Structures are given as structure tokens and as C-alpha cells.
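A short worksheet on the structure shown next.
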Protein chains: 2
Amino acid sequence: MPITHKSKQGNSNRRYTYDWPMAALTVDGIIFGFDPADSKSPLKVLLIHRGEEPFKGLWAIPGGHVDIENSETLEDAVKREVLEEAGVKFEYLEQLYTFADPHRDPRGRVVSVSYFVLVVKDNYGINEKGGDDADMAAWMSVSKVTRMNLAFDHNKIIGMAVKRLQSKVRYAPIGFNLLPPTFSLVQLQDLYEAILQRKLDKRNFRRRILSMGILSEVGKSKKGRPVNLYRFDKKAYERSLEFGFNFEV
Amino acid sequence: MPITHKSKQGNSNRRYTYDWPMAALTVDGIIFGFDPADSKSPLKVLLIHRGEEPFKGLWAIPGGHVDIENSETLEDAVKREVLEEAGVKFEYLEQLYTFADPHRDPRGRVVSVSYFVLVVKDNYGINEKGGDDADMAAWMSVSKVTRMNLAFDHNKIIGMAVKRLQSKVRYAPIGFNLLPPTFSLVQLQDLYEAILQRKLDKRNFRRRILSMGILSEVGKSKKGRPVNLYRFDKKAYERSLEFGFNFEV
DNA sequence: CCAAAAGTGTTATATGTACACCCATGT
DNA sequence: ACATGGGTGTACATATAACACTTTTGG
């Protein structure tokens with residue numbers, strides 16, 4: 001039975017006893033970022049290089065145990081883990097799916113509630129410790145990651161997260177969470193093209209986005225040819241919602 | 001990182017001890033059924049009347065513990081609980097959301113993975129034990145349930161399930177799982193109107209559904225005026241999918 | 001003056017939406 | 001013969017999709 005494990009520490013405080021075996025509860029955060037500098041595949045996901053077994057040497061989604069003792073919520077656990085393991089603060093968080101296959105972790109029954117996280121990649125302060133064997137964080141292109149062999153069932157998890165991002169970005173204004181507060185329409189379109197993995201018509205895209213009335217103009221860029229800059233106007237968006245408005249790209 | 005330790009204390013009952021407190025893992029099934037006999041509010045959800053504390057006397061969603069000892073999957077747990085508690089076999093099952101608020105159950109930390117279940121209501125064999133104090137199952141109108149005070153956080157759960165049903169029924173052919181294998185277009189439209197809570201135009205609805213080419217005619221009803229009967233043609237639907245077809249109502 | 005990237009309208013086609021009467025049956 | 005509920009087509013409005021050139025700047 002997979003839940004049986006020898007104890008390693010002779011004197012650990014095993015103070016908590018139950019009538020039945022219990023599952024461990026963890027959270028995982030699939031952290032997406034957008035890096036315009038990589039014009040080939042700007043959509044990134046943050047992974048951790050595992051320094052320990054199981055799956056030592058493979059890349060994995062950041063995550064860890066929920067602190068039941070301190071009544072930690074799942075969302076707080078994700079925030080904590082993502083900050084600890086990846087040094088990242090995020091804008092947008094949403095529960096993705098719960099993975100609970102009995103054999104997904106060779107150490108025992110581990111239930112993972114996965115969360116879908118969007119960050120402005122500029123804000124990162126991740127631990128990119130060169131060739132070190134310890135845990136190390138890195139932004140990797142989604143297109144590359146989906147062809148890698150990841151730890152645990154993390155290929156499946158990332159696959160689901162990417163699908164969710166692709167579908168949700170089309171009917172909810174979540175993409176803005178991947179951009180700095182102020183952005184150009186070209187940047188926004190590049191973001192959508194990276195996520196949806198197809199080219200969009202420039203004029204149709206601009207007309208559609210602008211006609212929604214959820215962007216505010218905040219001036220022009222100073223360097224180079226003046227570019228119109230916008231910010232996402234959350235207030236205007238919420239006002240529109242009340243009149244049955246539907247965001248849709 | 002030790003996760004679980006199992007030990008026997010004495011010979012009588014097995015005790016399981018851990019280094020940290022653990023959360024209990026349960027599943028809940030929000031079971032929807034469609035009852036054309038109730039023309040006023042035909043969309044039903046199956047609830048259990050609680051015979052014990054906490055929340056004794058209130059109605060709740062059927063559910064229960066996952067059998068970790070026997071490496072039960074979450075889906076198997078839902079199937080088992082729903083069959084045990086409600087006597088129902090179902091057609092369609094999908095994970096809805098994981099509810100894990102630290103105080104959602106007064107007895108301790110309980111994480112519930114909820115599942116969204118569709119059944120053909122004719123097939124039921126539920127325990128409707130009159131005025132008994134024991135657990136008792138009943139089909140209740142969704143419109144009524146959303147105005148009742150349910151046990152635990154079950155109002156929230158049902159609210160989310162109804163929203164999911166409403167959105168998903170529009171872009172996936174899941175509604176057919178609430179109807180008998182053979183049905184008329186009028187029945188199908190009644191179903192959609194009950195779920196979406198608005199009237200649909202008869203001619204537009206029929207044209208749209210038939211033009212998808214995912215229904216097969218299987219003859220006419222014998223009693224009364226002849227009514228065209230159809231079945232959902234899953235094969236045809238899947239073939240269409242490969243050519244980029246999108247179900248949408 | 002040339003390269004690079006931002007910005008801008010019009011037209012054809014497809015899709016969605018509104019709407020009212022006839023027909024077959026059981027009573 | 002009448003009440004009930006199933007069945008059917010058209011016209012108009014709106015939304016989508018395809019398409020190429022001009023402008024502004026820095027080098």
C-alpha cells in the first residue's frame with residue numbers, strides 16, 4: 001500500500017494520530033509571465049529545479065504543504081510558497097484543479113490543489129543560482145516546457161493551466177495582469193498572440209479592444225516614435241459589467 | 001521530507017500518526033436532474049437531510065470521506081458516496097472546485113473536492129424515507145434550494161455548480177446527460193430554458209441545434225400527435241470536433 | 001533618405017434575432 | 001369542432017473577417 005513509509009527520525013514528534021490514514025494536502029502554483037524581450041516565445045512559466053528525490057534533477061511547478069496547524073487557507077499557502085520558492089509577488093490568482101491520483105507522488109497519498117497565477121514579469125526576484133544543485137527557479141518558455149519531461153504529474157497540470165489561460169483570456173480581462181500597469185496596444189496584441197498561439201489582425205484587434213471602453217489613454221511614450229499608452233480601467237470594466245457587457249476577444 | 005508514518009498501537013484498532021496535523025479529505029457531489037413533470041421549475045438537485053450534528057435538520061449535498069487506505073480515487077469516491085447516500089447512477093461527472101476554508105466544518109479541517117454530476121432523473125431509486133429522522137434524500141428545485149439555508153458552505157457550492165452548469169451547457173453538449181436517450185426538440189428546449197432561466201426562440205433554437213448535425217432522428221412518438229424523436233449522436237459530434245466545430249447554444 | 005514599427009477604414013460575408021401561422025391529434 | 005402543442009421560413013440588424021498604405025521617428 002503506497003501510504004506506508006518507514007519513519008526516518010527515531011525521535012520525531014508524531015503527535016497527531018487519526019483512525020484512518022490521511023492524505024497530505026499541498027498547493028501548486030502555475031506562474032505565468034510575459035517577456036516581450038523573447039519575441040519568439042514570450043509566454044513563460046516559472047519552474048523549480050528539484051535538488052532532491054523524488055524526481056531529482058527534473059523541473060517542477062513550485063508548491064508545498066498547506067500549514068494545517070495554523071489554519072492556513074489554500075490561497076495563503078500558494079502566496080507563501082510562491083514567495084518562498086520563487087521570490088515572486090503576483091497580481092492574479094485562481095484555483096485551477098485538484099490533482100489527487102493515488103500514485104501521483106511515490107512517497108504517499110498527496111492531494112495537490114493547483115492554482116493559476118499571473119505576474120508582471122518585471123517584478124521578479126527569483127533565485128537563479130547558476131549550476132548549484134540546490135533548488136533553483138527559472139522562467140521557461142511555455143512552448144519549450146510542454147515538450148519537456150517534468151516531475152510528478154506536472155506535465156498534465158501545466159497542460160491544463162495553459163488551456164485555461166487560453167480559454168479564459170478570451171472572455172475575461174485577465175491578460176492585463178501579465179503586463180505593466182501602462183502598455184501599448186501592440187504589446188497587448190503580442191500578449192494575446194503569444195497566449196492564443198495565432199496571429200491576430202491588427203486593425204480588428206485594436207478596434208475591438210478600444211470599442212469596449214475599458215482602456216484609458218495615459219499619454220504617449222517619450223522615447224522613439226510616440227506610442228499611445230493605456231491602462232486597464234477596472235472601474236469602467238465593472239460599470240460595464242452591470243449593463244450586461246461581455247469582454248470577449 | 002517525510003509525509004506519512006503509519007503505525008499500529010495495540011492490536012485492536014489501527015492508529016495512524018503523523019508529524020503534523022492533517023486535513024480530512026472528502027468529496028461532494030452536486031447532482032442535477034431534470035423533471036419535465038414539474039413544468040414550473042424542472043431543474044432539480046439532490047439533497048440529503050442531515051440526521052446528525054453538525055447542522056442536524058438542514059439539507060446538504062451528498063458526500064463523504066475518500067478511502068485513503070484503499071487508494072480510492074476521487075471519482076470513485078464520488079460514485080460510491082452518491083450511490084450509497086442517494087441511490088443514484090450517473091451519466092456525467094466533472095470536478096467542480098475544491099472548498100477548503102479552515103472553518104467550513106466545525107469538527108476540524110476538512111477539504112472537500114466537489115463534483116458536478118448529471119443524471120437522468122428517471123433512473124433514480126433514492127431513499128425518500130418520509131418523516132424519518134435518519135438521512136433522507138430528496139430532489140429539490142434549484143430555484144427553491146438557492147433560497148434555502150443549507151448545511152456547511154453548501155449554498156456556496158451549489159451556487160457555483162449552477163453557474164458552471166449554466167455556462168458549460170452553452171458550449172459543451174452536456175445537457176443530453178439530463179435527458180433520456182431519446183427525446184424531442186421541445187424537451188431539449190425546455191431543458192435549456194430551465195437551466196439558462198430564460199425563454200429561447202423556438203424556431204431559432206431548432207434551426208441551430210439541427211444545423212449542428214449532432215442529433216440523429218430515431219422516429220416518431222406513437223401516442224398523441226407524432227413527435228420527432230432524436231438521440232445525441234456522440235460519434236458525429238466527435239467527428240465534427242476534429243474539423244474545428246464548436247457546439248454553442 | 002531609409003528602415004522600423006505605429007497607426008488607420010471600408011467592404012463582403014456570416015451570424016444572430018425577431019416574428020405569426022398552420023397542422024395533426026385527442027377529447 | 002375545438003383545444004393543445006408541434007412544426008415551419010423570411011427579412012433585417014449586427015458582428016466578424018479580410019485586406020494595404022501612410023506616418024513618424026532614429027540612425
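Because only heavy atoms are used, hydrogens play no part in the values below, and waters and symmetry mates are left out as well, while side chains stay in. Just so we're on the same page: letters track the sequence lines, and every chain starts at 1. Values in this document were obtained by computation on a predicted structure and should not be read as measured data.
Comparing Asp201(B) and Arg207(A) against DNA chain C, the residue whose closest nucleotide sits nearer the 5' end is Arg207(A). Nucleotides of DNA chain D nearest to Glu248(A) and Lys222(A) differ in position, and the one nearer the 5' end is that of Glu248(A). Mapped onto DNA chain D by nearest heavy atom, Asn204(A) and Asn204(B) fall at different nucleotides, with Asn204(B) at the one closer to the 5' end.
Using a 4.0 Å heavy-atom criterion, one finds that Arg208(B) contacts the sugar-phosphate atoms exclusively.
No side-chain heavy atom of Phe116(B) sits less than 4.5 Å from a side-chain heavy atom of Lys168(B). Residues Met212(B) and Pro173(B) are not in side-chain contact: their nearest non-hydrogen atoms beyond the backbone lie 4.5 Å or more apart. Between Lys40(B) and Ser141(B), the closest side-chain pair of non-hydrogen atoms is not below 4.5 Å.
Distance, Gln189(B) CD to dT8(D) P: 13 Å, rounded to whole Å. Nucleotide dT16(D) holds its P atom 14 Å from the CG atom of Asn246(B), rounded to whole Å. Rounded to whole Å, the distance from CZ on Arg198(B) to P on dT17(C) is 8 Å. With rounding to whole Å, Lys199(B) atom NZ is found 16 Å from dC19(C) atom C1'. Between the OH atom of Tyr230(A) and the P atom of dG7(C) there is a distance of 7 Å, given to the nearest Å. Nucleotide dG7(C) holds its P atom 9 Å from the CD atom of Glu217(A), rounded to whole Å. In this entry the distance linking CZ of Phe205(A) with P of dT16(D) reads 14 Å, nearest Å. Atom CG of Leu210(B) and atom C1' of dT8(D) are 12 Å apart (whole Å).
Here the side chain of Ser216(A) pairs no donor or acceptor atom with the backbone of Arg231(A) at under 3.5 angstrom.
Ring geometry for Phe247(B) versus Tyr237(B): interplanar angle over 60°, hence perpendicular rather than tilted (30 to 60°). Using the six-membered ring where Trp is involved, His49(B) and Trp59(B) have ring planes that are perpendicular, over 60° apart on the 30 and 60° scheme.
Phe152(A) is linked by a ring pair (Phe, Tyr, Trp, His ring centres under 6.0 Å) to Phe55(A), His154(A), counting only residues two or more places apart in sequence or in another chain.
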Write down the protein N/O and nucleotide N/O pairs, taken from nucleotides 20-22 of chain C, whose separation is under 3.5 Å; answer none if there are no such pairs.
unit_1: dA20(C); atom_1: N1; unit_2: Arg203(B); atom_2: NH1; d: 3.2

Starting from the C-alpha separation in whole Å, work towards a yes-or-no answer on side chain to side chain contact (heavy atoms under 4.5 Å, CB included) for Leu93(B) and Lys79(B). CA-CA 9 Å; Leu93(B) 180 72; Lys79(B) 286 177 196 167; 4.3 Å; yes

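For DNA chain D, none of the residues of residues 172-188 of chain A falls under the heavy-atom distance limit of 4.0 Å.
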